[in-house]
*Asks:* 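Quick one: the structure is below, and I'll ask about it shortly.
FYI, side chains are in, hydrogens and waters are out, and symmetry mates aren't considered; it's all heavy atoms of this structure. Counting convention: from 1, in listed order, for ligands and their atoms alike.
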Amino acid sequence: MIVRAMSSSTQPIKTVAIIGSGLMGSGIAQVAAASGHKVTVVDQSQEIVDKASASIQKSLGRVVKKKFPDDSKAQQTYIADVMSHLSLQTDAVDAVKSADLVIEAIVENLDVKKSLFSSLDKAAPPHTIFASNTSSIPIKDIASSTTRLDRFGGLHFFNPVPVMKLVEVIRIPETSDETYSALEAFGKAVGKTTVQCKDTPGFIVNRLLVPYMMEAVRLVERGEATPRDVDIAMKLGAGYPMGPFELSDYVGLDTMKFIIDGWMEREPNNPLFSKSELLNKLVAEGKLGVKSGEGFYPYNKK
Ligand SMILES: CC(=O)CC(=O)SCCNC(=O)CCNC(=O)[C@H](O)C(C)(C)COP(=O)(O)OP(=O)(O)OC[C@H]1O[C@@H](n2cnc3c(N)ncnc32)[C@H](O)[C@@H]1OP(=O)(O)O
Ligand SMILES: NC(=O)C1=CN([C@@H]2O[C@H](COP(=O)(O)OP(=O)(O)OC[C@H]3O[C@@H](n4cnc5c(N)ncnc54)[C@H](O)[C@@H]3O)[C@@H](O)[C@H]2O)C=CC1
């Protein structure tokens, strides 16, 4: 059954443009297409979008194994159907011209996000709702680059998107009730449970999770334990599916650094937001985690 969210003008959200096709953008595109939306995914080069297309197909391969065990024909049909709802391109301005909803999932940098939204604001139709998937940047700061504050909000998905069942829906004071309802309905339409949070640093999950992950890095910097032992301890002693170092590598160390640097700038005296030399060193060396082939741990390059 196809469940579609409603847009602020009470028209159903049918078409979604997703800007950024990395870890998050490709996952959001997958669940949006799988729930019957027409999805356009945009990134900076054809090479990147081709990689995203391959990664979505790989992820769908995992989904169908569970959905249609031992039925390879049904598996292929499902994948082809989801992929037929998706197109990938490199022109964001063109992609938003027919979108009911634009979800931004590009690099965690305020200036880059503002510059993108400012250009999209001029190209998108008046009814189009804008949402950012930012991990840590205030939505109001991003929205200030547009003229549609009432049609702006946050939709914060979790990695890996096809598996994680939560979306945080964020409103700024100007977000209209209709826009908020449409964002919430979209989250539900793609199969997630939604929670509401004010526009505060890290919303709910990251405000609790990132300081914990950073404290694990500081614990290792103080020489108190190895990353491997911290990970084993938190999995077996606290029941987490991944230890904090595995999770940092999974999230991306560049994203972790963007988050903590941004918070430190805003609250320089908050010890929870203090920087880590080890994290900074790894990022400077290009060791960004699973996506670059090495972070705290080495990975097989794909
Ligand atoms: C930074 C931010 O702003 C916010 C964030 O996202 S913070 C990060 C939040 N995410 C987390 O905390 C993730 C914590 N880790 C986990 O939950 C788990 O380790 C995990 C789901 C990622 C992997 O689970 P696992 O049991 O170790 O591995 P695996 O067996 O491969 O996967 C479990 C299931 O998920 C599925 N799966 C995993 N990744 C998938 C993907 N990308 N696409 C589709 N399915 C996937 C697998 O197919 C498998 O399904 P079955 O159980 O039906 O076989
Ligand atoms: N990694 C994670 O676990 C999570 C990340 N987020 C947030 O989602 C956003 C994206 O993060 P990831 O997907 O992890 O990053 P990523 O590094 O995997 O992907 C970002 C993509 O955006 C593209 N991009 C950059 N500037 C662009 C532009 N101007 N136009 C089009 N594409 C552009 C890049 O080429 C790249 O493919 C960030 O804001 C991040 O904080 C939110 C939840 C979880």
*Asks:* For the residue pair Thr90 / Gln46, report whether a side-chain donor-acceptor contact shorter than 3.5 Å exists.
*Replies:* no

*Asks:* Mind checking whether Phe186 and Phe157 have parallel, tilted or perpendicular rings, split at 30° and 60°?
*Replies:*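 The rings of Phe186 and Phe157 stand perpendicular, inter-plane angle above 60°.
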
*Asks:* Judged by non-hydrogen atoms, does Ala105 sit under 4.0 Å from ligand 2?
*Replies:* yes

*Asks:* Which one holds for Val205 and ligand 1: side chain close, backbone close, both close, or neither close, with close meaning a heavy atom under 4.0 Å?
*Replies:*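 For Val205, no heavy atom sits under 4.0 Å from ligand 1.
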
*Asks:* Under 4.0 Å from atom 20 (C) of ligand 1, do we find at least one protein heavy atom?
*Replies:*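 When distances to the protein are checked, atom 20 (C) of ligand 1 has no heavy atom within 4.0 Å.
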
*Asks:* Backbone, side chain, both or neither: what part of Phe157 comes under 4.0 angstrom of ligand 2, heavy atoms only?
*Replies:*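 Within the 4.0 Å criterion, Phe157 contacts ligand 2 through backbone atoms alone.
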
*Asks:* Numbering the atoms of ligand 1 from 1, which are under 4.0 Å from a heavy atom of Val163?
*Replies:*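 Near Val163, meaning under 4.0 Å from one of its heavy atoms, ligand 1 has 21 (C), 35 (O), 36 (C), 37 (N), 38 (C), 39 (N), 40 (C), 45 (N), 46 (C).
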
*Asks:* Evaluating non-hydrogen atoms only, which member of Leu288, Val251, Val107, Leu116 is closest to atom 2 (C) of ligand 2?
*Replies:* Val251

*Asks:* Pick, from Leu60, Leu209, Ile259, Leu166, the option with the minimum heavy-atom distance to atom 7 (S) of ligand 1.
*Replies:* Leu209

*Asks:* Determine whether any heavy atom of His156 lies closer than 4.0 Å to an atom of ligand 1.
*Replies:* yes

*Asks:* Using a strict 4.0 Å cut-off to heavy atoms of His156, name the atoms of ligand 2 that fall inside it.
*Replies:*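 This gives 42 (C), 43 (C) as the contact atoms.
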
*Asks:* Give the numbers and elements of all ligand 1 atoms closer than 4.0 Å to a heavy atom of Phe158.
*Replies:*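 Close to Phe158: 4 (C), 5 (C), 6 (O).
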
*Asks:* Mind listing the closest non-hydrogen atom pair of Arg151 and Thr179 along with its distance?
*Replies:*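 Nearest pair, atom of Arg151 first, then Thr179: CA-OG1, 3.5 Å.
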
*Asks:* Return the option from Lys291, Gln44, Glu104, Lys51 holding the heavy atom at the smallest distance from atom 15 (O) of ligand 2.
*Replies:*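 Closest candidate by heavy-atom distance is Lys291.
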
*Asks:* Any protein heavy atom lying closer than 4.0 Å to atom 43 (N) of ligand 1?
*Replies:* yes

*Asks:* Could you pull out all residues at least two apart from Glu224 that satisfy salt bridge (Lys or Arg N to Asp or Glu O under 4.0 Å)?
*Replies:* Arg222

*Asks:* Does the N or O separation between Asn133 and ligand 2 drop below 3.5 Å for any pair?
*Replies:*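 Yes: some nitrogen or oxygen of Asn133 is under 3.5 Å from one in ligand 2.
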
*Asks:* Could you tell me whether the side chains of Glu108 and Thr134 share a donor-acceptor contact shorter than 3.5 Å?
*Replies:* yes

*Asks:* Check whether any protein heavy atom sits under 4.0 Å from atom 27 (O) of ligand 1.
*Replies:*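 When distances to the protein are checked, atom 27 (O) of ligand 1 has no heavy atom within 4.0 Å.
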
*Asks:* Can you list the ligand 1 atoms lying under 4.0 Å from a non-hydrogen atom of Pro162?
*Replies:* 43 (N), 44 (C)

*Asks:* Does some non-hydrogen atom of the protein lie less than 4.0 angstrom from atom 23 (C) of ligand 1?
*Replies:*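 Answer no: nothing from the protein, no heavy atom, is under 4.0 Å.
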
*Asks:* Does only the side chain of Val210 get under 4.0 Å from ligand 1, or the backbone, or both, or neither? Count heavy atoms.
*Replies:*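 For Val210, no heavy atom sits under 4.0 Å from ligand 1.
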
*Asks:* For a quick test of reading the model, state the closest non-hydrogen atom pair linking Thr128 to Ala99 and the distance between them.
*Replies:* OG1-O, 2.7 Å

*Asks:* Which is it for Leu23 and ligand 2 at heavy atoms under 4.0 Å: side chain, backbone, both or neither?
*Replies:*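 Near ligand 2, Leu23 shows its backbone as well as its side chain.
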
*Asks:* Just go through Gly262, Ser135, Ser136 and tell me whose heavy atom is the nearest to atom 42 (C) of ligand 2.
*Replies:*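 Heavy atom nearest to atom 42 (C) of ligand 2 belongs to Ser135.
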
*Asks:* Mark up the atoms of ligand 1 that fall under 4.0 Å of a heavy atom belonging to Asn159, in ascending order.
*Replies:*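 Here the atoms of ligand 1 in question are 6 (O), 8 (C), 9 (C), 10 (N), 11 (C), 13 (C).
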
*Asks:* Could you tell me whether Ile259 approaches ligand 2 through its side chain, its backbone, both or neither, with non-hydrogen atoms closer than 4.0 Å?
*Replies:*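 Answer for Ile259: neither.
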
*Asks:* May I ask you to identify, for Tyr250, whether its side chain, its backbone, both or neither come under 4.0 Å of ligand 1 on a heavy-atom basis?
*Replies:*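 Tyr250 to ligand 1: side-chain contact only, backbone stays beyond 4.0 Å.
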
*Asks:* Flag Thr134 as yes when one of its N or O atoms lies below 3.5 Å from any N or O atom of ligand 2, and as no otherwise.
*Replies:* no

*Asks:* Does the protein put any heavy atom within less than 4.0 Å of atom 10 (N) of ligand 1?
*Replies:*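 Yes; the ligand atom in question has protein heavy-atom contact below 4.0 Å.
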
*Asks:* Regarding atom 29 (P) of ligand 1: of the candidates Arg62, Glu108, Met242, which has the closest heavy atom?
*Replies:* Arg62

*Asks:* Return a yes/no value for Ile106: is any of its N or O atoms, backbone included, closer than 3.5 angstrom to an N or O of ligand 2?
*Replies:*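 Yes; at least one N/O pair falls below 3.5 Å.
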
*Asks:* Which of the numbered atoms in ligand 1 are under 4.0 angstrom from any heavy atom belonging to Ser135?
*Replies:*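 The list of qualifying atoms is 1 (C), 2 (C), 3 (O).
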
*Asks:* Output yes when a protein non-hydrogen atom is found under 4.0 Å of atom 31 (O) of ligand 1, and no otherwise.
*Replies:*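 Protein heavy atom within 4.0 Å of atom 31 (O) of ligand 1: present.
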
*Asks:* How far apart are the C-alpha atoms of Tyr297 and Tyr250, what are their side-chain angles, what is the distance that settles it, and do they pass the ring pair (Phe, Tyr, Trp, His ring centres under 6.0 Å) test?
*Replies:* CA-CA 10 Å; Tyr297 300 112; Tyr250 197 62; over 10 Å; no

*Asks:* For the residue pair Phe152 and Phe130, categorise the inter-ring angle as parallel (less than 30°), tilted (30 to 60°) or perpendicular (more than 60°).
*Replies:*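 Ring orientation of Phe152 relative to Phe130: perpendicular.
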
*Asks:* When you measure from atom 18 (C) of ligand 1 to each heavy atom in Pro69, Pro241, Gly243, Gly252, which option holds the nearest one?
*Replies:*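 Nearest option to atom 18 (C) of ligand 1, by heavy atoms: Pro241.
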
*Asks:* Could an N or O of ligand 2 be found under 3.5 Å from any N or O of Asp43, whether backbone or side chain?
*Replies:* yes

